[in-house]
Amino acid sequence: MEEVKNTEERSLNFIEEIIEEDLKNGKYKQVLTRFPPEPNGYLHIGHASSICLNFGLTLKYPGYTNLRFDDTNPVTEDTEYVESIKQDINWLGFAWQHELYASDYFDQLYEYAVTLIKKGLAYIDDSTSEEMAAQKGTPTEPGRNSPYRNRSVDENLDLFTKMKAGAFPDGSKTLRARIDMAHANMLMRDPVLYRIKHAHHHRTGDKWCIYPMYDMAHGQSDSIETITHSICTMEFVPHRELYDWLIEKLEIYPSRQYEFARRNINYTVTSKRKLLQLVNEGYVTGWDDPRMPTISGLRRRGYTPEAIREFCERIGVAKRENMVDVGLLEFCVREHLNKIAFRRMVVFDPVKVVITNYVKKEPGDGKGGEIVSVENNPEDVSTGHREVTFSNEIYIEREDFMEVPPKKFFRLAPGQMVRLKSAYIIKCDEVIKDAAGNITELRCSYIPESHSGNDTSGLKVKGTLHWVNAKDAIEIEVREYDRLFRVENAAAEEGDFKDYINPDSLKTVKAYAEPSLLNASFKDHFQFLRKGYYFLDKDSEGGDFIFNRTVTLKDGWKGEKQ
RNA sequence: UGGUCCAUGGUGUAAUGGUAACACUACUGAUUUUGGUUCAGUCAUUUAAGGUUCGAAUCCUUAUGGACCAACCA
């Protein structure tokens, strides 16, 4: 008898609940969302959450998602950012329905402003920003009306036309909504709708010298595109009242705004302002520095879109303050990379091992040695095997040998045996040191019957080491990255957040690798056995091979602590 | 001292008035030719106090704690 399949449906997040309700009661037939970045910086892991949410929703429900650049502030925006944002969204695996810009709507937005003026709901204010701030009041005290608040509709229309025509200098006038200077919501105290900026816009060039503010553009753009669910982060909650007010007064399509809590991740910062500082002040090499939490940084570091999407899925969507452990992101990337990464052997800090009783001459290269076969990925047998040369001189990791080993040291030590991955079991017979007492060489003997795959020695060893053949190992550069900050939440610490940067976030080392790494490409992710996951860096060129450490392997060994 | 939003293990989410669930982390143990992977197990009376109810994480009240709001930024 077949058991009833217990397909435990993943529970819905609060936005999905709203959508399912809207769909069920016929409020909408399809769901339209938008991802609205401002092209003034690169996308980061926090944006990935929003991207996965917005695009994910319309993959799950009928409808589509627009990409809309919120480009209403020409002085900070640039096409470089537009290009990087498009690339990052694509790389994450999402496709937008329409590529749009708030600046596409500047003419319409201007008409909306005129409508408000005609309705007596907006006026031209000559107050300076300081005067305006003084009039604004505080959260606990009401504000005062601007002396320009009661200009006639005709005068306002005339002034606004002249503003558009360029008759006034920057900052000399604004268009303000006429709402209520005593409103409990500070944003409703006659917010600025348009300001004068004689600045070149990345799309509209010099056509405009007045630009709408966020509140005058965002909801209206949503409305023009008939976005049904306009999803943003919690800091926009107070804006919702203004969002709704403008839609109501303008009598346009009623898009609705919903807010969720932005995701904070420990040991990093996700604020475009702070990330820009790190870039501009040289703390990192660029927006795509592998230490950056940007999508481009993560990509360069070796993260995969699958891992990032899985991460966003796992952290979910909610409204409460949060601080996600970066360990979860690392788990997600290890989980994916474990399935797809090619295993390779690389020795970082080599110590030479001479196998004194090894006399094989094959395969006849004159140096002695043989070829062993090593699986490319034990998690995926379809990836097959590769050939690696073995000889009487190899390198192993210096830390894999201890002259006086602690209790559960399963690696090499005098008189102790270990297996060399996919090759033989060896035993350490003698330790050679230089005058200063540094170990320069380990003399070992191997067990001829212990060849991997057809071991008849009957020996059982606890440890298996990675190694490279000293006679053909290639030299590579490895960039070992660690968390960018020493503290979980640098932004919340005393003083400048940059004081908490981890000075050891990058260590560049030389390492010795098996020659198969010469074929590495940007399509491949690697696991350097017993070390971590690595990805070719774009700085590699000519004969240079540079690898970024994506993440270490989980290390279950407690070390020497007894 | 105004308004708004939020409060469930160390972390992130679930439970939609009916036995607090899942994942990550951590710690045990098993398996392993990666101290990886895999597998098994351990870790909370839901911020507090009242109330409604046969029954409350869920509804109500109060308190407490946190976040956000006074750019011509978004």
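The chains referred to below are lettered A, B, ... by the order of the sequence lines, with proteins before strands, and numbering in each begins at 1.
Side-chain N or O atoms of Arg263(A) include one that pairs as donor or acceptor with a backbone N or O of Gly316(A) at under 3.5 Å. When atom types are taken as modelled, the side chain of Ser255(A) and the backbone of Asp222(A) share a donor-acceptor pair closer than 3.5 angstrom. In terms of modelled atom types and a separation under 3.5 Å, the side chain of Ser450(A) and the main chain of Ile425(A) share a donor-acceptor contact. Side-chain atoms of Ser146(A) come within 3.5 Å of backbone N or O of Tyr148(A) as a donor-acceptor pair.
Pair assignment for rG2(B) gives rC69(B), based on Watson-Crick or G-U wobble hydrogen-bonding distances that are each under 3.5 Å. For rU64(B), the paired base is rA7(B) (Watson-Crick or G-U wobble, both distances below 3.5 Å). Base pairing annotation: rA20(B) forms no Watson-Crick or G-U wobble pair, as no partner gives both donor-acceptor distances under 3.5 Å. For rA44(B), there is no paired nucleotide, since no Watson-Crick or G-U wobble pair has both relevant distances below 3.5 Å. The nucleotide rG35(B) finds no pairing partner, because no Watson-Crick or G-U wobble arrangement with both distances shorter than 3.5 Å includes it. rU58(B) is unpaired under the Watson-Crick or G-U wobble criterion, no partner having all donor-acceptor distances under 3.5 Å.
Computed from coordinates, the Phe160(A) CZ to rC72(B) C1' distance equals 13 Å when rounded to whole Å. Atom pair Arg343(A):CZ and rG36(B):C1' shows a separation of 8 Å (rounding to whole Å applied). Separating the NZ atom of Lys460(A) from the C1' atom of rU32(B) is a distance of 11 Å, rounded to the nearest angstrom. The interatomic distance linking Met181(A) (CE) with rG2(B) (C1') rounds to 15 Å, in whole Å. At whole-Å resolution of the value, CD1 in Ile196(A) and P in rC73(B) are 12 Å apart. Spacing between atom CG of Asp380(A) and atom C1' of rU37(B) amounts to 13 Å, rounded to whole angstrom units. Rounded to an integer number of Å, the gap from Glu131(A) CD to rA71(B) C1' is 16 Å. The nearest whole Å value for the distance from the CD atom in Glu399(A) to the C1' atom in rU34(B) is 13 Å.
When heavy atoms are screened at a 4.0 angstrom cut-off, Tyr194(A) is found touching no nucleic acid atom at all. Arg411(A) comes within contact range of at least one nucleobase, with a heavy-atom separation under 4.0 Å.
Considering only the side chain of Phe331(A), rU25(B) comes nearest among rU37(B), rU25(B), rU1(B). Counting only heavy atoms from C-beta on, Thr464(A) has its side chain closest to rU34(B) among rA71(B), rU34(B), rA74(B). The side chain of Pro238(A) lies closest to rC69(B), out of rG36(B), rG35(B), rC69(B). In this structure, the nucleotide among rG36(B), rA74(B), rG2(B) sitting nearest to the side chain of Asp70(A) is rA74(B). Of the candidate nucleotides rA71(B), rG2(B), rU37(B), rG2(B) has the atom nearest to the side chain of Thr140(A). Relative to the side chain of Glu235(A), the nucleotides rG36(B), rC68(B), rA70(B) differ in distance, and rC68(B) lies closest.
Separating the C1' atom of rU13(B) from that of rU8(B) is a span of 10 Å, rounded to the nearest Å. Across the P atoms, rA21(B) and rU42(B) are found 12 Å apart, a figure rounded to whole Å. Comparing the C1' positions of rG35(B) and rU28(B) gives a spacing of 16 Å, expressed to the nearest Å. Only the P atoms considered, rG51(B) is 12 Å distant from rA56(B), to the nearest whole Å. rG18(B) and rG55(B) have their C1' atoms separated by 7 Å, given to the nearest Å. Atom name P, nucleotides rC59(B) and rU37(B): the rounded distance is 40 Å, in whole Å. Comparing the same atom, C1', in rA57(B) and in rA20(B) gives a spacing of 8 Å after rounding to whole Å. rC69(B) and rU1(B) have their C1' atoms separated by 16 Å, given to the nearest Å.
For Tyr512(A) and Phe348(A), the distance between ring centers is not under 6.0 angstrom. Centroid-to-centroid, the aromatic rings of Phe69(A) and Tyr81(A) stay 6.0 Å apart or farther. Ring to ring, Tyr303(A) and Tyr533(A) are not that close: their centroids are 6.0 angstrom or more apart. Between Phe390(A) and Tyr424(A), the distance separating the two ring centers is shorter than 6.0 angstrom.
Ring geometry, His525(A) versus Phe535(A): the interplanar angle falls under 30°, so the pair is classed parallel (tilted spans 30 to 60°). Taking the six-membered ring for Trp and thresholds of 30 and 60 degrees, Trp287(A) and Tyr42(A) have nearly parallel ring planes, at less than 30 degrees apart.
Interface remark: the His239(A) side chain does form a donor-acceptor pair with the rA74(B) base, using a distance-only criterion of under 3.5 Å. A donor N or O paired with an acceptor N or O is not found under 3.5 Å between the base of rU4(B) and the side-chain atoms of Glu241(A).
Asn469(A) and Thr389(A) are linked by a side-chain donor-acceptor pair at a separation below 3.5 angstrom, with hydrogens and angles left out of the test.
Cation-pi geometry between Arg240(A) and Trp245(A) is not met at under 6.0 angstrom from the ring centre and within 45 degrees of the axis.
Atom CD of residue Glu397(A) and atom CG of residue Leu529(A) lie 11.0 Å apart, to the nearest 0.5 angstrom.
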- Contact letters for nucleotides 8-14 of chain B, in which S counts primed atoms plus P, OP1 and OP2 and B counts the base, heavy atoms under 4.0 Å: B--SSSS
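If you find the closest nucleotide of RNA chain B to Glu375(A) and to Tyr214(A), the one lying nearer the 5' end belongs to Glu375(A). The residue among Asp555(A) and Met186(A) whose nearest nucleotide of RNA chain B is located toward the 5' end is Asp555(A).
One finds no side-chain N or O of Arg334(A) lying less than 4.0 angstrom from the OP1 or OP2 phosphate oxygen of rU37(B). In this structure, Lys272(A) does not reach the rC73(B) phosphate: none of its side-chain N or O atoms is under 4.0 Å from OP1 or OP2.
In this structure, rA71(B) shows a glycosidic angle within 90 degrees of zero, which is the syn conformation.
A heavy-atom distance below 4.0 Å to RNA chain B is reached by these residues of residues 34-52 of chain A, ordered by number: Glu38(A).
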